[in-house]
Amino acid sequence: MKHTLFLFLNMALLAGVIFIGWKQFGRPSRGEVLQGSGWTAKKFGDKYFLSIANRSELVAAVNDFVRAQKLTAGNITGIGAVNAVTLRFFDPQTKQYVDKSFNGQMEITNLSGNISTMDGKEYVHLHITLGDKNYQALAGHLLSADINGAGELFIEALPAARVERSYNPEIGLNFYDFAK
Ligand code: FE
């Protein structure tokens, strides 16, 4: 009788351990929460959800995030909303940059970019497409964007990768330099 009760208790304990283990295994990871100047992030391995704070400047916040996480290579995508942006157009004929600012509420319909390094320092390259209240698109190389609403980015990092850039005087741009 005593032996049967002991066996039963052991079986119940084992069933409990298996149940708790299974529940834990099936639960999504909450990730690691990070925070910096104008941003908060959730880290899952080498992938990050990055939230740019309302009224923060997106490019400065992304640079701060990349620096804080010591990222050397990766990919950036995002959406959100802004009320002011400065875009840059490179004229290959003159090798001159033409910068232009735009004000007004606009949706970030696409933010695309990459992370590399130049002289060992983090280098973030971003392009943006924005939609205005008339559903017209505005696009270009992004210099600055003031978030007015959300800034929801996703970053995929390659922690062990080294992707350097060098200035190409012939073209007038900082190119990928795979010899480095
Ligand atoms: Fe560009």
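In each ligand, atom 1 is the first atom listed, and ligand 1 is the first ligand listed. If you read the sequence from its start, that first residue is 1, and numbering goes on from there. Not measured: the values here are computed from a predicted model.
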Closest approach of Phe90 and Gly172, non-hydrogen atoms and distance?
CE1-O, 3.7 Å
Taking Leu58 as the fixed residue, which of Val85, Ile108, Val82 is the one that meets the side chain to side chain contact (heavy atoms under 4.5 Å, CB included) rule?
Ile108
Ile128 CD1 to Leu130 CG distance, which is reported to the nearest 0.5 Å:
4.0 Å
Sort by chain and number the protein N/O/S atoms that are closer than 2.8 Å to the Fe ion (ligand 1), and list them.
His125 NE2, His127 NE2, His141 ND1
Does a donor on one side chain sit under 3.5 Å from an acceptor on the other, for Thr72 and Arg162?
no
Taken in chain and number order and not counting sequence neighbours, the residues that satisfy salt bridge (Lys or Arg N to Asp or Glu O under 4.0 Å) with Lys43 are none
Of Lys42, Glu32, Gln69, Glu156, the residue whose pairing with Tyr48 passes side chain to side chain contact (heavy atoms under 4.5 Å, CB included):
Gln69
